[in-house]
Structures are given as C-alpha cells and as structure tokens.
Colleague: 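Please find one structure pasted underneath; my questions will follow.
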Amino acid sequence: MRTMTYSQAIYETMREEMARDPNVVLIGEDVGAFGGVWGVSGDLVTLYGEDRVRDTPISETAIVGAGLGAAMVGLRPIIEIMFGDFMPVAGDQLVNQVAKARYMSGGKAKIPLTIRVTTGAPGSAAAQHSQSPEGWFMNVPGLKVAVPATAADAMGLLRTAIRGEDPVLFFEHKMLYAVQGEVPDDADHATPFGEAVVRREGRDLTLVAIGGMLPMAMQAAQTLAGEGIEVEVVDPRTLVPLDKETILASVRKTSRLIIAHEAHKRLGPGAEIAAMVAEEGIGSLDGPIMRVAARNVPLPYSPDLERFVLPQVEDIVEAARGLVGYRL
Amino acid sequence: MRTMTYSQAIYETMREEMARDPNVVLIGEDVGAFGGVWGVSGDLVTLYGEDRVRDTPISETAIVGAGLGAAMVGLRPIIEIMFGDFMPVAGDQLVNQVAKARYMSGGKAKIPLTIRVTTGAPGSAAAQHSQSPEGWFMNVPGLKVAVPATAADAMGLLRTAIRGEDPVLFFEHKMLYAVQGEVPDDADHATPFGEAVVRREGRDLTLVAIGGMLPMAMQAAQTLAGEGIEVEVVDPRTLVPLDKETILASVRKTSRLIIAHEAHKRLGPGAEIAAMVAEEGIGSLDGPIMRVAARNVPLPYSPDLERFVLPQVEDIVEAARGLVGYRL
Amino acid sequence: MSETPYTTEMLLDLYHQMALVREFELRAINERRAGLIPGFIHSCVGQEATAVGACAALASDDVITSTHRGHGHLIAKGGEPRYMMAELAARTTGYCGGKGGSLHMTDFSLGILGANGIVAGGIPIATGAALAFQQKREPRVALAFFGDGATNEGAFHEALNLAGLWKLPAIFFCENNLYGEGTPQDKQAAVTDLAVRAEGYAMPGVTVDGNDVLAVYEATKTAADRARRGDGPTLIVAKTYRQRGHYEGDPMVYRSRAEMDDWKQHDPVPDFRVRLLAEFGVSESEITGVEGRVQAALDEAVAFAAASPKPEPETALAGVYADTHDGLVF
Amino acid sequence: MSETPYTTEMLLDLYHQMALVREFELRAINERRAGLIPGFIHSCVGQEATAVGACAALASDDVITSTHRGHGHLIAKGGEPRYMMAELAARTTGYCGGKGGSLHMTDFSLGILGANGIVAGGIPIATGAALAFQQKREPRVALAFFGDGATNEGAFHEALNLAGLWKLPAIFFCENNLYGEGTPQDKQAAVTDLAVRAEGYAMPGVTVDGNDVLAVYEATKTAADRARRGDGPTLIVAKTYRQRGHYEGDPMVYRSRAEMDDWKQHDPVPDFRVRLLAEFGVSESEITGVEGRVQAALDEAVAFAAASPKPEPETALAGVYADTHDGLVF
Ligand SMILES: Cc1ncc(C[n+]2csc(CCOP(=O)(O)OP(=O)(O)O)c2C)c(N)n1
Ligand SMILES: Cc1ncc(C[n+]2csc(CCOP(=O)(O)OP(=O)(O)O)c2C)c(N)n1
Ligand SMILES: [Mg+2]
Ligand SMILES: [Mg+2]
C-alpha cells in the first residue's frame with residue numbers, strides 16, 4: 001500500500017496507462033504546459049509530448065466529438081472537461097453521439113473513451129462553476145457513470161475506464177483532490193464497475209453517500225455513533241451501472257435509508273436510488289427514504305448562501321436522528 | 001367549449017397571443033413558410049410576417065441564446081425546437097444561461113421565454129429522434145417544465161407560459177398532436193403551473209401518467225375497471241413545479257402508486273415522483289412504487305424492438321394487477 | 001473523343017455507382033410505400049455525383065461520416081445494397097441489425113463511421129478519426145459529408161478550427177443543395193459562398209460543380225493527396241440540388257416547380273451517361289450492361305431484405321455496452 | 001499640440017474611467033488577499049483601453065454582455081465601484097445581492113445584461129438583444145465582449161452568422177490578449193488574424209490596437225453608427241495583453257518574464273496619461289485631480305462593501321422565479 005492524494009492517484013493512473021499503451025492520449029483545455037487547471041495532468045506533456053497530451057482550443061463539442069471519432073478508429077482517448085458545468089456545451093456529442101454510437105451501429109462500435117470531469121462546489125464559484133452533473137446523463141442509456149470517493153477508487157475506476165471498451169463519464173470531486181488515501185501497489189489495480197462498497201458497518205440505518213459526500217457521511221456516522229446510532233455507509237462507486245444488491249441488502253438489514261449527494265435534490269442521482277428501493281425493497285423499510293442534497297436553487301456566490309444551499313454534515317445527522325425516531 | 005386537436009390548440013394560442021401582444025414572436029427552424037415541421041405554426045408567418053415568425057439557420061445554441069437575450073430586453077419569444085433530442089445542441093444556453101439568468105442577477109432578470117419542444121417516439125425514428133427529455137433539465141433549478149396531455153392544457157399551459165415572466169420548457173408530445181379534445185371558449189383560458197388534475201377517480205391505485213402516457217393510462221384504467229380494479233389517474237401537467245399534494249392525497253386514498261412515462265426509466269421524471277412519495281407519503285403505501293417507462297436502452301429503429309423498449313398499455317395493466325395483489 | 005486520364009473501367013465504375021445510388025433511392029421509396037420500410041427516408045436523388053465522386057477519391061481504409069441523407073455516401077464507400085435495404089426494412093441482416101435504420105447505418109470494416117441524425121453531428125467525429133490517423137502516423141484520411149445547413153452549426157466551426165489548427169488529414173465535404181429542409185440556403189447562412197469560411201480555419205476552400213462526378217472526384221483527390229502529405233484539411237463545397245422532398249412526403253411548398261424542372265435539366269446521372277457516350281467513347285452496350293447489373297443488384301437487395309428475419313423483441317436490450325454489463329437493465 | 005476632435009472633458013473622462021478600472025482591479029486583488037472577497041478574480045489589468053474605449057462609443061440605453069474578465073466592461077458601462085465591490089464581497093448591497101459575484105454581475109438599468117462564466121456564453125445573448133431592438137425598431141445597439149479564446153466556441157459562430165444574416169444591430173468585440181488561460185492564441189485558433197473570420201459572416205472585420213483607447217473608441221463608434229443605420233453587425237478584434245495571471249494566483253508558467261516586461265512598455269493607462277499631457281495639452285493638475293477622485297471613489301467603495309450586511313442564509317431560496325413559485329423548494 002502507498003499513500004497519495006486522490007489527485008495523484010488519477011495522475012499516476014494516467015501516467016502508467018500512457019506508458020503501457022501508446023494509444024492512450026489525453027486531450028483537453030490546458031492539460032499540457034499548464035498541467036491542467038486542477039493540476040492533475042502535471043508533467044504528462046513533458047513525459048509523453050504535445051502529441052499525446054494535447055492542449056485544445058476552447059471547443060468542448062469538438063473535443064468530445066474528436067475523442068469519439070478517435071476512439072472509433074483505435075485510440076483510447078482520455079478527455080478532460082475542466083468543470084462539469086461545461087458538459088452541456090458538448091451536450092449533443094455526449095447525449096446523441098457518444099452514448100448511442102454503439103447501439104445505433106447494432107452493437108458494432110467500440111468506444112474506449114474516458115471523459116474526466118470535475119464536479120462539486122469549490123467554494124464561492126457561483127452558479128456556473130459549482131454544479132454536480134452526475135445525474136444529468138443517467139437518463140441517457142449508453143454512458144457509464146463513475147463517482148470515485150477515495151484515492152484507491154479514483155485509481156481503480158479510472159484504470160477500468162481506460163482499459164474498457166465503453167464510454168465513461170468519470171466525475172472527480174474538486175474537494176477530494178487533496179485528500180490522502182491508501183492505494184494498492186499493484187500496477188494493475190482496477191476496480192470493477194457496478195460494485196458498491198460498505199465503508200462502515202451499522203445496524204440502524206443505511207447511508208448511501210455519493211462521491212464528495214463520503215467524507216461528510218463518515219463524519220456524520222462518527223457523530224451519530226456517539227449517540228448510539230450505528231450508521232452503515234454505502235459508497236456506490238458507480239451510478240451506472242448501479243449495484244442495487246449491496247444497497248438493498250443493507251436496507252434489508254437496517255430498514256432505514258438516507259441518500260446523500262451534492263447534486264440538487266430534484267431528480268438528482270438520489271432520486272433513482274430512492275425510487276429503486278421504493279420499488280424493490282419497500283418491504284424492509286421502517287421509515288421514509290430521505291435525501292440529503294443541495295436545495296433546488298442555482299449555487300449562489302456568497303459563502304453564507306452557498307453553505308445554506310449545499311448539504312452539510314449536520315443535515316445528515318439531523319435526518320438520521322429523525323429517521324431513527326420515526327415510526328410508520 | 002370547442003373541439004380541436006392538441007396541435008390546433010397550440011396554434012390558436014400562439015395566434016391569439018401574437019395578436020394580443022406585439023412582443024410575442026416565434027423563432028425556430030422552418031416555422032415560417034414550411035409552417036413548422038410538425039405543422040403547428042401553420043400560416044402564422046402570413047398573418048404576422050417574417051419579422052415576427054422567424055425561420056432560423058440550424059443553430060440551436062444561437063436560437064435559444066437569442067431568445068434569452070431578446071427576453072431580457074422586452075420581447076416574449078416563443079422558441080420552437082423541432083425535436084427534444086436536439087436540446088443538448090443548445091445545452092449550455094439552456095442549463096447555464098436561461099435557467100440561471102434570473103438567480104445570478106440577484107433576482108432582477110425577467111425571462112419571459114417559452115421553449116416549445118417536441119417529445120416522444122413518432123415510430124421508427126430511432127435513437128436521435130425519439131427521446132423524451134422531460135427529465136433532463138429537472139435537476140437544473142430555474143426552468144419550469146410543462147407536459148400538457150390534452151388540447152385544453154396545451155392551450156392553457158402555453159398561455160400561462162407566454163404571459164408569464166419565467167423560462168418554460170413546454171413539451172409537446174408528437175403522438176398527441178392529432179388528438180381531439182374540448183377547449184374552453186374563454187380567450188384568456190390559462191392553466192396554472194403546479195396544479196395536477198385527477199383525470200379519473202379510483203380507490204384501488206394511483207396512476208400518475210405524464211404527457212403522452214395519459215391516453216394509455218386511461219385505456220389501462222378502462223381495462224382494469226373491467227376486472228374490478230378502480231384506478232385513479234393523476235395528470236401532473238407540470239413537472240416543475242410539481243403538485244405534490246394532489247399526488248400524495250391520491251396515494252393516501254389508494255395506498256398504491258404507479259408512475260408511467262415514456263422517458264427511460266433510469267432517473268426519468270418518475271424517479272423524482274417516486275422518491276418524493278417515498279419520503280413524504282411512505283406511511284400510506286401498501287406496496288412498492290412501480291414505474292412503467294421506456295427500458296434503459298437507446299430507442300431502436302425496428303418497430304418490433306421499439307415496441308419492446310417503449311412502455312405499453314399492457315405494461316401498465318400488468319403492473320397494476322401485480323400491485324393490487326401485493327401484500328407488504 | 002477527347003484525351004482523358006480516365007480508364008473506361010473507372011468511368012463505367014463511377015456510372016455504375018451513380019446508377020446504383022439513384023436506383024437504390026427509387027426502390028427504397030417504393031418499398032417504403034409498399035410497407036417493407038417502416039421509417040422515414042431522406043433521399044439523395046439528384047446528389048449522386050457528390051457521393052460517388054468524393055468516395056472514388058478515397059482509399060478503402062479511409063473513413064467517412066455521413067448524414068441523414070446518406071444512402072449515396074454509404075453505397076459509394078462500398079456499402080452493399082442488400083444490407084442497406086435490409087437495415088431500412090429493420091431486419092437482423094441489416095447493417096445495424098435493425099437498430100439504426102436510415103439515419104444510423106454504419107460499417108466500420110468499410111470505413112463508414114456512421115450516418116447521423118444530428119445536423120453537423122458527424123463533423124467532429126470525422127475530425128477525431130483524422131486526429132487518430134495523424135497520431136498513429138497512418139496515411140489515412142477522414143472525410144465528413146454534411147449539408148449547407150450544417151455549416152451554421154457550432155460543431156462545424158469547432159471541428160474545422162481544430163482540423164486547421166492541427167493540420168489534420170481531414171476533408172470537409174459540403175453538399176450545398178440550396179436548402180435545409182424548407183429554408184433556402186441564403187436564409188440560413190450570412191454568406192452564399194460557403195467556401196469563404198475556409199479562410200477562417202486556415203484551410204483551402206474549394207467550390208465545385210457537385211453534379212459533375214469527375215469535377216468532384218478531382219477536387220476530392222487533390223484534398224486527399226494534400227491531407228496525406230500532412231498539409232492539412234480542405235473544405236470542399238459542391239453545388240448540387242435535392243430533386244425530391246426533404247423527406248418523402250414533403251409537400252415542398254417552399255420552392256417552385258419551375259426551379260425544380262430547371263434543375264432536372266442538370267441531372268447528374270443521365271448527364272454523365274451522355275458524356276460517357278459522347279465524350280469518352282463508351283459504348284451503349286457497356287452502359288446498358290451496367291444498368292442491367294444495377295437492376296439485378298437491387299432486385300436481389302429487395303428480395304434479400306424481404307426474406308430476412310425481423311429481430312426478436314428481447315434483443316433490443318443488447319448492444320449498449322461492449323462488456324458484461326450489456327443487456328442488464330439497471 | 002495636435003488638432004483634435006476630442007474635448008478635454010471627454011479625454012479626461014476616458015482617463016478617469018481607465019484609471020478607475022485599473023485601481024478597482026488592484027484594490028479588489030488586495031481586498032481578496034485581505035479576506036473581504038471570497039471568490040476568484042480574473043483581473044483585466046492591462047486591458048482598460050478596450051473596455052473604456054468600446055463603451056464610450058455606446059449610448060446609455062445600448063446594452064453589453066460581458067465575460068469572466070468583466071470588471072472593466074461594467075465600470076465602463078456605468079457600473080458603480082461601490083456596488084461592484086459589495087458584490088465581490090458577497091453583500092446584500094452588491095449588484096446581485098451576493099448571489100452572482102465577479103462572474104455574474106448584472107445591471108439591466110445600465111444595459112449590462114451580465115458578465116458570464118461560460119466562455120462565449122454571452123455572445124448569443126447580445127445577439128438576441130440586438131434582434132429585439134431590430135424587431136421593436138429601437139435605435140439601440142448590443143455589444144458582446146469576449147476573448148480570443150471564445151472565438152473557437154460554436155456559440156461564437158452561430159451567433160455571428162445569425163447577426164450577419166439578419167443584419168442585426170450588434171457589435172462583436174473580441175479582446176485578443178494573446179492567451180486563453182495558459183494556452184497561447186496561436187495554439188487555439190487556426191488563424192492568428194481573427195478578424196478574417198468576419199468574412200464568413202458577411203460583416204466587416206476590424207483589427208485595432210486595443211491598448212489605444214481612442215483607436216478603440218473610433219472603431220466602436222463606426223460600428224455602432226453602422227448598426228444604428230441598419231447596415232448590420234461588425235466584428236472588432238482589439239489586440240491587447242493580460243498583464244496579470246488568468247486568475248489571481250496563476251503561476252504563469254506558460255509565458256516568459258521578458259514577454260510580460262515587454263508588454264508593460266505598452267501599458268494603456270500610463271500611455272494615455274502621457275498622451276494627454278504631450279498630445280492633447282491636458283494639464284498635470286487636471287490629471288492628478290482625476291486620480292484623486294479615483295482614489296477617493298475606491299476608498300469609499302471598499303468601505304461601503306465592508307460595512308454592508310451579509311445576506312441571511314434563507315434568502316438563498318429567493319430569486320429563482322419571478323412569480324409566486326419563487327422560494328418554494330419542490
Ligand atoms: C441539430 C439538428 N437540428 C435540426 C435537425 C432537423 N433537420 C434534419 S435535416 C435538416 C436540414 C439539413 O440541411 P442541410 O444540412 O443542408 O442538409 P440537406 O437536408 O439539405 O441534405 C434539419 C434542420 C437535426 N436533425 N439536427
Ligand atoms: C465553455 C467554457 N470552457 C472553458 C472555460 C474555462 N475558462 C475560463 S476563462 C478561459 C479562457 C478564456 O480565454 P479568452 O476567451 O481568450 O478570454 P481571456 O481569459 O483571455 O480574457 C477558459 C478556458 C469556461 N469558463 N467555459
Ligand atoms: Mg441542404
Ligand atoms: Mg484571451
């Protein structure tokens with residue numbers, strides 16, 4: 001085991017996969033000399049050259065489309081979109097081209113395309129630089145959606161994405177970049193998609209925490225443990241495919257469910273998890289399914305307003321207390 | 001009361017509102033001489049001139065952005081996007097500009113902008129011309145989402161949208177255009193947003209049917225009535241704002257819920273309704289919340305495949321039978 | 001009879017393909033009326049010379065992206081009428097097993113990266129293929145077909161800028177048929193000469209008679225050679241005309257009969273036939289021989305499609321992912 | 001002292017605004033370090049002449065859309081430093097009540113339709129405003145500010161085509177500061193002379209020294225007159241330089257100190273000061289008077305911002321809709 005930051009884990013994975021396979025390239029705005037606006041790509045351009053680490057114009061549609069076309073004829077492009085907020089600028093390529101290319105071709109196309117996107121509010125970045133788009137494309141069949149919450153998963157899921165044959169939206173939470181974590185030494189460490197992990201066992205309630213919410217969830221669980229409430233924290237790791245079984249099994253055990261994500265509450269990814277459990281696991285529920293998420297307003301600039309809009313540890317704690325006290 | 005098609009109701013509303021207010025304009029691809037690809041705008045260009053009924057280049061980003069800018073300085077544009085599938089081509093303007101302009105300005109901007117979009121599968125139009133994007137923008141605060149299912153609501157909701165001060169995504173289901181319906185004579189007939197309507201009363205289960213699914217829901221209810229199952233059909237009419245109360249009240253009465261929509265099941269609009277009820281109305285449920293929706297694959301071209309992927313009347317009937325038989 | 005660089009074999013092959021495209025469209029239209037074909041058709045009748053001339057200048061391992069009006073492009077790039085007709089008929093034997101239809105026919109083995117239902121949607125994709133060829137040092141070219149209307153989409157601009165900036169081996173082939181659906185080209189673009197836009201992307205902009213298959217061939221050949229030399233992309237604007245409606249059933253209220261009749265006088269297929277006889281000394285019998293083979297091929301294609309099985313409903317769930325997650329509905 | 005069409009009053013006013021922009025940026029940077037300002041700042045230090053020269057050529061009821069580097073545009077269009085500083089400090093008295101911040105400052109009463117956090121995002125919006133003016137037969141003009149990098153976004157292309165096609169009263173003002181974040185302009189656009197792109201939209205493309213406030217003023221005035229006459233839009237490309245980082249804190253590894261020092265020799269604010277004295281016979285005392293007022297205005301602005309209340313958390317829910325649905329969280 002090594003210890004490194006979430007950001008380093010992503011960098012190392014890219015570096016290793018680029019060393020391993022000449023068809024792996026990195027394409028995005030300022031991924032070269034600048035080293036990536038979030039510093040993730042670092043010195044990759046000096047290691048692999050401007051040919052394989054391409055700075056692009058500010059042309060998200062062309063960037064994503066080029067990644068798709070390149071993937072169709074043999075490259076394994078990694079695309080970097082510096083803020084998830086900009087995904088709609090490339091909306092058509094993501095929704096109508098990348099997601100559907102394989103199906104429309106009758107299952108012939110192979111699209112080994114990894115789209116790295118940052119997500120979450122970095123703090124007072126306001127409405128166009130703070131969004132969490134994890135759910136925006138879940139209603140569009142054909143894409144896979146990864147939401148790594150630890151350094152090890154950032155590495156393992158990214159490697160799976162790069163070596164796989166399907167397009168992946170890989171969401172990197174800005175506030176996790178600096179978080180340290182243990183990472184396996186195995187140079188082939190890959191995390192399968194569709195396998196959730198229980199981060200903490202508990203009998204009283206199930207807390208599904210998505211991406212950047214994991215640290216907050218663990219903190220809330222700590223606090224609640226102090227009050228005798230044992231929380232089971234489940235990290236889905238990928239939203240598409242979704243590991244229903246692990247979530248349902250936990251709910252069968254705890255009979256209570258809270259879903260926490262930073263995306264807005266209305267039709268955020270938690271809605272699908274809640275709806276799935278309400279359909280397939282309602283029998284084991286002893287209370288309402290709660291969602292702790294951002295309120296349904298654009299992200300404001302003011303720190304005071306932003307804090308009110310975004311989900312906080314206390315929001316999880318309160319929801320848990322209420323739920324445990326609830327009687328159907 | 002007059003009888004007319006859903007399509008005529010939309011046409012008449014536009015014609016009347018354009019006569020009433022010179023600031024109302026129609027902008028879109030082939031809305032002029034062509035009369036709209038779906039024939040909805042008809043002769044409006046001959047009535048109001050090319051100045052107020054503008055054929056545009058194939059430039060969805062510019063069309064939506066122009067509508068926004070024009071709305072900011074006093075026009076009340078109606079934008080037509082010929083297929084909802086093309087909304088992602090204008091993704092940034094919809095998600096980051098139109099939806100947020102008011103909030104980002106501190107609540108100062110008024111955006112009287114109506115975006116008319118067609119939705120649903122017209123039959124063998126394949127993956128890029130058959131989608132139901134009603135849910136795609138529900139996670140983006142700032143937009144209102146209307147899903148009229150009858151001629152009267154098409155007229156009433158459109159009038160509310162045109163006369164209102166907020167941006168509205170107005171989804172017109174292609175298969176409803178030719179459906180006849182009664183429409184009030186009142187030239188000011190307007191349907192408020194956020195008020196669902198019970199289309200059929202029933203004690204055994206609540207069936208929330210969105211947009212194009214309403215006729216199928218009524219048909220299914222008919223069949224089920226024959227088996228002694230009384231279905232209460234609820235038409236939400238708008239998804240944002242959502243009339244939770246009418247839905248919750250119905251569920252309190254029937255204790256069973258099925259949500260039907262043509263959008264894909266995974267994180268389709270039904271997921272939010274299911275999650276909302278699972279949070280606010282779970283106590284009154286006697287069974288799982290079912291969703292009858294398109295399967296999670298792109299829409300195929302073949303009629304046989306397409307029929308399998310899209311929700312059918314029988315799917316609703318079966319779900320209802322199963323649910324009524326269910327014991328928690 | 002003029003001196004010519006073209007062999008009779010090549011000339012007849014060009015004519016064969018043009019006739020095949022024309023006949024394919026007419027048959028498809030009939031079979032749609034007859035009920036064999038469930039979906040919409042955007043026919044390219046009148047635009048055979050652009051598709052055939054352009055693809056004739058490409059190597060078999062070069063690639064194209066096509067459009068909603070793509071049957072001609074596909075046939076010209078080697079697509080087989082039988083598999084195309086089967087796809088239109090939504091059969092398992094079709095190019096996409098019935099999942100794609102007219103708008104999405106694809107055959108990677110032929111370098112056909114896909115038709116597209118989104119105007120301008122294929123342009124960035126072809127650009128990406130060209131990027132891969134440059135990266136892998138492969139002497140291959142990617143050609144994007146698109147219409148005049150597509151040049152007003154942002155995707156066109158971003159892709160051409162990227163290709164010009166990186167000197168990618170790409171060809172941007174605009175079929176200017178004067179209309180985008182019901183809206184004339186001069187009501188869509190601020191400029192009528194679309195080739196001038198090339199200057200903004202530091203690439204040559206060439207305008208050519210799109211109804212002259214040899215002129216199209218030459219222009220595309222020059223662009224392909226240039227691309228292979230590493231000198232970068234070219235924008236070709238081929239002037240042509242859509243003889244039929246935007247889609248089959250289009251009332252065409254937006255244009256005059258006179259205009260349409262006028263253009264029928266410059267019909268690329270019969271025009272080329274006349275030239276073959278008059279200018280290139282090809283014999284009538286050679287031509288009728290080709291025409292006979294075209295008819296036979298399409299009789300066979302229609303029969304093949306009609307006889308092919310329809311897909312089993314459950315197979316709709318396959319083809320989403322390349323791995324074990326395929327077919328699961330989560 | 002040369003003959004000049006400019007009154008001393010106008011010249012001093014231009015200098016006043018340029019000095020105000022420069023000083024506003026420097027103060028904002030300090031106040032951010034000091035903790036008054038929570039968010040990021042993309043300063044326009046070195047680009048004062050473009051903002052001031054362009055807006056000086058507009059009428060008060062003309063409108064602009066701005067960018068992430070928009071403080072100069074806002075001040076030049078009449079924005080008051082106190083309300084701007086208050087917005088940066090996220091106070092209720094700010095232009096957006098603390099909801100927008102640097103990237104989204106807006107004041108419709110001043111014709112400021114909003115800064116924008118999306119590159120090229122404001123260009124279609126300005127185009128729409130111009131459409132409304134044409135429609136309502138109002139003699140007003142809409143000007144969109146954007147950077148060189150923005151010219152490679154599809155939104156730029158679609159909007160300019162629409163404006164050129166409809167001859168809208170719009171001005172597309174490109175501040176070419178040679179970089180988009182860390183990537184030089186010649187690694188982003190296939191052409192270095194961005195003005196050539198205007199030809200593709202049937203509008204004039206004008207290149208101007210963006211560090212010469214009078215040259216910018218004249219070019220914009222000509223474009224505005226043209227637009228008001230109904231002759232359509234103009235693309236203006238103003239060459240300038242971003243003296244500081246893309247954002248405050250940018251390590252600027254992507255450019256050389258030599259290049260930066262070089263450009264400091266063409267600093268628009270001191271350069272204009274020199275010209276006022278030498279070329280236009282403005283007196284030192286008049287200039288120092290202006291400079292005194294600038295300092296005073298910013299002392300006041302900072303004090304005003306610091307003294308203003310922070311918003312109540314619950315007010316975050318307001319401002320989404322214009323009707324009774326506002327504030328509801330459904
Ligand atoms: C993004 C997008 N917008 C609109 C449409 C609807 N549409 C299909 S074809 C077409 C006209 C295209 O014109 P052009 O590019 O000239 O091609 P042509 O049909 O003339 O061959 C339009 C508007 C679409 N398919 N995609
Ligand atoms: C659509 C989009 N892509 C990327 C970004 C990130 N970004 C912010 S400013 C910037 C550079 C813009 O360059 P330019 O247009 O030249 O303006 P400048 O910063 O030089 O004033 C980039 C890439 C963004 N805000 N929006
Ligand atoms: Mg055309
Ligand atoms: Mg710049």
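Proteins come first, then strands; the chains are lettered A, B, ... in the order of their sequence lines, and each starts at number 1.
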Colleague: Do you know which two heavy atoms are closest between D:P311 and A:D304, and how far apart they sit?
Modeller: O-CB, 4.1 Å
Colleague: For the interface with chain A, which of D:A89, D:A155, D:A90 has the highest count of heavy-atom pairs at distances below 4.5 Å?
Modeller: D:A90
Colleague: Are any of the side-chain heavy atoms of A:Y301 and D:L103 separated by less than 4.5 Å?
Modeller: no
Colleague: Apply side chain to side chain contact (heavy atoms under 4.5 Å, CB included) to A:F34 and D:D250, showing your working.
Modeller: CA-CA 10 Å; A:F34 205 95; D:D250 175 356; 4.0 Å; yes
Colleague: Any idea which heavy atoms bring D:A316 and A:V309 closest together, and the distance?
Modeller: CB-CG2, 3.7 Å
Colleague: If we only count heavy atoms from C-beta on, is the A:V89 to D:E153 side-chain gap below 4.5 Å?
Modeller: yes
Colleague: Does some side-chain heavy atom of D:I118 sit less than 4.5 Å from a side-chain heavy atom of A:F86?
Modeller: yes
Colleague: For the candidates D:Q188, D:Q185, D:R91, which exhibits the highest count of non-hydrogen atom pairs separated by less than 4.5 Å from chain A?
Modeller: D:Q188
Colleague: Could you go through D:E181 and A:V37, starting from their C-alpha distance and side-chain angles, then the distance that decides it, and tell me whether this counts as side chain to side chain contact (heavy atoms under 4.5 Å, CB included)?
Modeller: CA-CA 9 Å; D:E181 284 190 355; A:V37 166; 3.0 Å; yes
Colleague: Would you mind checking which part of D:E312 comes under 4.5 Å of any heavy atom in chain A, side chain (CB onward), backbone (N, CA, C, O), both or neither?
Modeller: backbone
Colleague: Take A:L305 and D:K99, measure what side chain to side chain contact (heavy atoms under 4.5 Å, CB included) needs, and give me the verdict at the end.
Modeller: CA-CA 8 Å; A:L305 300 179; D:K99 290 193 166 113; 3.8 Å; yes
Colleague: Looking only at heavy atoms, what is the nearest atom pair of D:V320 and A:V297, with distance?
Modeller: CG2-CG1, 3.6 Å
Colleague: Is it the side chain or the backbone of A:E306 that comes within 4.5 Å of chain D heavy atoms, both, or neither?
Modeller: neither
Colleague: Which atoms of D:Y247 are under 4.5 Å from chain A, going by heavy atoms: the side chain, the backbone, both sets, or neither?
Modeller: side chain
Colleague: Which one, D:C96, D:G154, D:G97, D:G100, leads in non-hydrogen pairs under 4.5 Å with chain A?
Modeller: D:G100
Colleague: Please classify the contact of D:N116 with chain A as side chain, backbone, both or neither, using a heavy-atom distance under 4.5 Å.
Modeller: both
Colleague: Do A:E50 and D:K187 have side chains that get closer than 4.5 Å, going by heavy atoms?
Modeller: yes
Colleague: Under a 4.5 Å heavy-atom cutoff, which of D:H246, D:E314, D:K310 has the most pairs with chain A?
Modeller: D:E314
Colleague: Pick one of side chain, backbone, both or neither for A:S59, based on which atoms fall under 4.5 Å of a heavy atom in chain D.
Modeller: both
Colleague: Is there a donor-acceptor pair closer than 3.5 Å between any side-chain N or O of A:D30 and the backbone N or O of D:G182?
Modeller: yes
Colleague: What distance do D:L317 atom CG and A:R295 atom CZ have between them, rounded to the nearest 0.5 Å?
Modeller: 5.5 Å
